[in-house]
*Asks:* 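Let me begin by handing over the structure; questions about it come next.
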Number of protein chains: 2
Amino acid sequence: MTKRTEQEEQIYYETEASEQEFLEWYRTKEHKKYERPSVTIDNVMLAYNREEDALKILLIKRKAHPYKGCWALPGGFVNPNESTDKGCLRETFEETGVQLKESNIEQLYTFSTPNRDPRDWVITVSYIAFLNQEALKAGDDASEAAWFDITLTEGFALLHHQMENIDLNIGAETTSAASTGNLAFDHEKIISTAIKRIIGKMYYQPRLLTLLGESFTIAEARKVYAKFLGVPYQTLDHSNFKKDLLKFLKEVDERPTGVGRPSKFYALDIPYLK
Amino acid sequence: MTKRTEQEEQIYYETEASEQEFLEWYRTKEHKKYERPSVTIDNVMLAYNREEDALKILLIKRKAHPYKGCWALPGGFVNPNESTDKGCLRETFEETGVQLKESNIEQLYTFSTPNRDPRDWVITVSYIAFLNQEALKAGDDASEAAWFDITLTEGFALLHHQMENIDLNIGAETTSAASTGNLAFDHEKIISTAIKRIIGKMYYQPRLLTLLGESFTIAEARKVYAKFLGVPYQTLDHSNFKKDLLKFLKEVDERPTGVGRPSKFYALDIPYLK
DNA sequence: CGAATAGTGTCTTTAAGACAATATGCC
DNA sequence: GGCATATTGTCTTAAAGACACTATTCG
């Protein structure tokens, strides 16, 4: 609370009014003269395409200034009667038609550098959203949204769009916002922060496996992990990988198909992820 | 961006105005009619008292509704021309007179549950601030600020004030905000989130050691770790503890005092913590 | 049966943990 | 020298990693 508010509240308190009276007084007085920022959500929406063995990120082409023509993270304003979590879920639904659960999203970081939006004072709460591949139909039409391939190598990432030739380095030391100029605002920084977060948590809280939907095989999990680690999936030893991950999984009854010994199917079994 | 804004921007874009013209147009029009939240910072300010071997947290007694008489985290509104990081440093200085560096603070989480403040729509970006013990003079006078002892046992924490008898459980599963009624708003939840974050990161990013100031001994570091782990420091084997931590430390030239073999002094040496 | 793929087992290497032995300064 | 405390070293145990072998399905 600022000094001024404290003072006013102090004066009011000394009248020994009830809490109910106080709240009524508070709401009617012109308390909102303190400047307020817009608060938005920016959503790093990721999906994994099993057929292509490719990691995808949804970006939206800006049709207006600033950053006209640049690609940007999907996002929007937070509404007064929702948490940012709910706002993220709503935004994801509006953008892709997919209704996620809280276990599919994770708050990432709040970015607030002054002038990060040249128009106005905007603070953004960023999120990571793990979509399963059925979401990939969004952006297929000629709309302004498109799924980009995201290719990581150890320590940095390359984003590559099939149509346009966007090269974007997400290094370990990305510093100034949107330094390469391909992504709007500080969204490059947000994406690199997201990737680092995912990599950092993958071995003790494998939420990224929700990219694979309800159930999946060890081999599929290996491929997803390999994508984030920026290595061919064969370099992750199947036996050891399974040994590490099994504590988060429960076996489910599902019949596989295809050549080779049929693999078992697993689902995430992490109570606190709800 | 909401649909409406997008549309307006789209219309403007089609006039082929320059970016400069656009920004002027944008700022003059009544774009700020979207409701905005207040954005505050809540600061989990921690300190460690070597003499007492005690962990401390700074709380402020609320003199006004709501939560009149409850203890609350220090905090305040974010200013338009500062990042939340800078706001946290400013707030810490205003409250304690201590000018911290960015390496002493860490953004924790952004809390935005509707009605978390009964007065108004308030979103808060919470921070952890590691103060060294010289900060402990703040709150010594008869002001409304006081340093509380914070005592953790494995899995939960007990906050205990010397004067008043506040008992506060910070369990692993603290759910509803301020459920015990001793702390204002959702500050109990914020504190428990902070503790869990510190414990989770202590072995790969030991920022908590900035509680000890510029330099410290292995034994002191052990004691700080033990406080957060909720165990007597003797249960952490000195030899093994040192082996784990040494990769983050550099030896510094400092002469110890007291009985027993003199210990070496170390300082944090983690480049990316800056 | 052979190719392909998954599962399982074993051995080696490395890290973690327990504990003992040695070093240093103060009284 | 005796005590207190820190450092260093060793041994044991558990985890991580490399690699080989077995199992199952399809054509």
Side-chain angles (χ1 to χ4, degrees), chain A residues 50-53 154 199-206 209 212 215-269, chain B residues 50-53 154 199-206 209 212 215-269:
Chain A
R50 282 174 158 95
E51 286 74 42
E52 298 178 19
D53 183 29
E154 284 179 271
I199 294 172
K201 294 184 80 168
M202 54 164 53
Y203 283 114
Y204 69 92
Q205 199 218 72
L209 290 179
L212 291 169
S215 65
F216 48 84
T217 68
I218 299 294
E220 289 168 339
R222 265 171 80 203
K223 286 177 180 175
V224 168
Y225 270 65
K227 282 291 163 212
F228 282 97
L229 293 171
V231 296
Y233 81 94
Q234 295 90 345
T235 62
L236 301 181
D237 182 89
H238 183 100
S239 171
N240 298 328
F241 183 83
K242 187 174 180 175
K243 194 161 51 176
D244 287 343
L245 222 61
L246 221 51
K247 59 177 167 289
F248 302 116
L249 306 178
K250 62 166 183 276
E251 202 176 329
V252 295
D253 195 31
E254 198 158 335
R255 285 288 78 197
T257 173
V259 67
R261 174 171 177 172
S263 55
K264 296 176 181 174
F265 277 74
Y266 298 89
L268 277 174
D269 183 31
Chain B
R50 281 173 159 95
E51 284 75 42
E52 298 177 19
D53 182 28
E154 283 179 272
I199 293 171
K201 294 184 79 169
M202 54 165 53
Y203 283 115
Y204 69 91
Q205 200 218 70
L209 290 179
L212 292 168
S215 64
F216 46 85
T217 68
I218 299 294
E220 289 169 337
R222 267 170 81 203
K223 286 178 180 174
V224 168
Y225 271 64
K227 282 290 164 215
F228 281 98
L229 294 171
V231 296
Y233 81 94
Q234 294 90 344
T235 63
L236 301 180
D237 182 271
H238 184 101
S239 171
N240 299 328
F241 182 83
K242 185 174 182 175
K243 194 161 51 175
D244 288 342
L245 221 63
L246 220 52
K247 58 177 168 290
F248 302 116
L249 305 179
K250 62 165 186 275
E251 203 176 329
V252 295
D253 195 31
E254 198 158 335
R255 286 287 79 197
T257 172
V259 67
R261 175 172 175 171
S263 55
K264 296 177 181 174
F265 276 73
Y266 298 88
L268 277 174
D269 184 30

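Reminder, nothing fancy here: chain letters follow the sequence lines and each chain counts from 1.
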*Asks:* For each nucleotide in nucleotides 1-15 of chain C, reading 5' to 3', give B when a protein heavy atom comes within less than 4.0 Å of its base, S when such contact involves only the sugar-phosphate, and - otherwise.
*Replies:* ---BBBSBB------
*Asks:* With side-chain contact (heavy atoms from CB on, under 4.5 Å) as the test, pick out the partner of B:Lys243 among B:Asn240, B:Leu245, B:Leu246.
*Replies:* B:Asn240
*Asks:* Ring pair (Phe, Tyr, Trp, His ring centres under 6.0 Å): which pairs involve residues 234-260 of chain A, sequence neighbours left out?
*Replies:* A:Tyr225-A:Phe241
*Asks:* Go through the structure and list residues passing side-chain contact (heavy atoms from CB on, under 4.5 Å) with A:Lys201, not counting sequence neighbours.
*Replies:* A:Glu106, A:Arg197, A:Tyr204, A:Gln205
*Asks:* Are the side chains of B:Leu236 and B:Leu229 in touch, meaning some heavy atoms are under 4.5 Å apart?
*Replies:*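 Counting from C-beta outward, B:Leu236 and B:Leu229 do come under 4.5 Å.
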*Asks:* Closest-nucleotide mapping onto DNA chain D: is A:Thr235 or A:Gly258 further toward the 5' terminus? I mean the 5' end.
*Replies:*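 On the 5' side of the pair lies A:Thr235.
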*Asks:* Using atom CZ of A:Phe241 as one end and atom C1' of D:dG17 as the other, report the distance to the nearest whole Å.
*Replies:*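 Taking CZ of A:Phe241 and C1' of D:dG17, I get 14 Å after rounding.
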*Asks:* Is a donor on one side and an acceptor on the other found under 3.5 Å between the side chain of B:Arg222 and the backbone of B:Thr217?
*Replies:*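 Checked: no pair found.
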